[in-house]
Amino acid sequence: MAIQVYVISDPLAIDFIENEDIDGFKEYLDSDDTLIFPEPEEFATEAEALAFCSGIGFGSDERAPVERYPLRSSEECDLPFIEAIKNY
């Protein structure tokens, strides 16, 4: 099965994901109908998905806020957020 990777760049969405707050994330999606999420990248293997994700979310200064956050369909903890995005 192909692995989908969604790269999230919205700062508020990233905060909800990092805090594992699916309810807050869904409320955020419900409150703003102008959010844009890019189509997911698809990979045949986990190794390809991990290679794509390496370095996403980290800049030169790891104390700075994350600017891009990858959600992978192969990760159980990411699935509720991916499903919310699909239903958005």
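Since we're looking at a predicted model, the values are computed, not measured.
- Remark: the backbone N or O of T45 is paired with a side-chain donor or acceptor of E48 at under 3.5 angstrom.
- With rounding to the nearest 0.5 Å, the separation of CD in E18 from CD1 in I8 is 12.0 Å.
- Not one N or O on the side chain of E83 forms a donor-acceptor pair closer than 3.5 Å with the backbone of L79.
- Hydrophobic cluster membership differs between L50 and V7, with clusters built from Ile, Leu, Val, Met, Phe, Trp and Tyr side chains linked at under 4.5 angstrom.
- Listed for the N19 side chain is no donor-acceptor partner under 3.5 Å among the backbone atoms of D21.
- Residues D33 and Y88 bring no donor and acceptor atom of their side chains to less than 3.5 Å of each other.
- Rounding to the nearest 0.5 Å places OH of Y69 at 8.0 Å from CZ of F81.
- At most 12 heavy atoms of other shown residues, nucleotides or ligands fall within 6.0 angstrom of atom CD in E20.
- Checked against ring-ring contact (aromatic ring centres under 6.0 Å, His included), Y6 has no partners two or more places apart in sequence or in another chain.
- Ring geometry for F16 against F25 counts as perpendicular: the plane angle is over 60°, on a 0 to 90° scale with 30° as the lower cut.
- D23 is not listed as a side-chain neighbour of Y28, based on a closest heavy-atom distance of 4.5 Å or more.
- Using a distance-only test at 3.5 Å, with no hydrogens or angles considered, no donor-acceptor pair links the side chain of D78 to the main chain of S73.
- Both V66 and I22 belong to a common hydrophobic cluster when Ile, Leu, Val, Met, Phe, Trp and Tyr are linked at side-chain heavy-atom distances under 4.5 angstrom.
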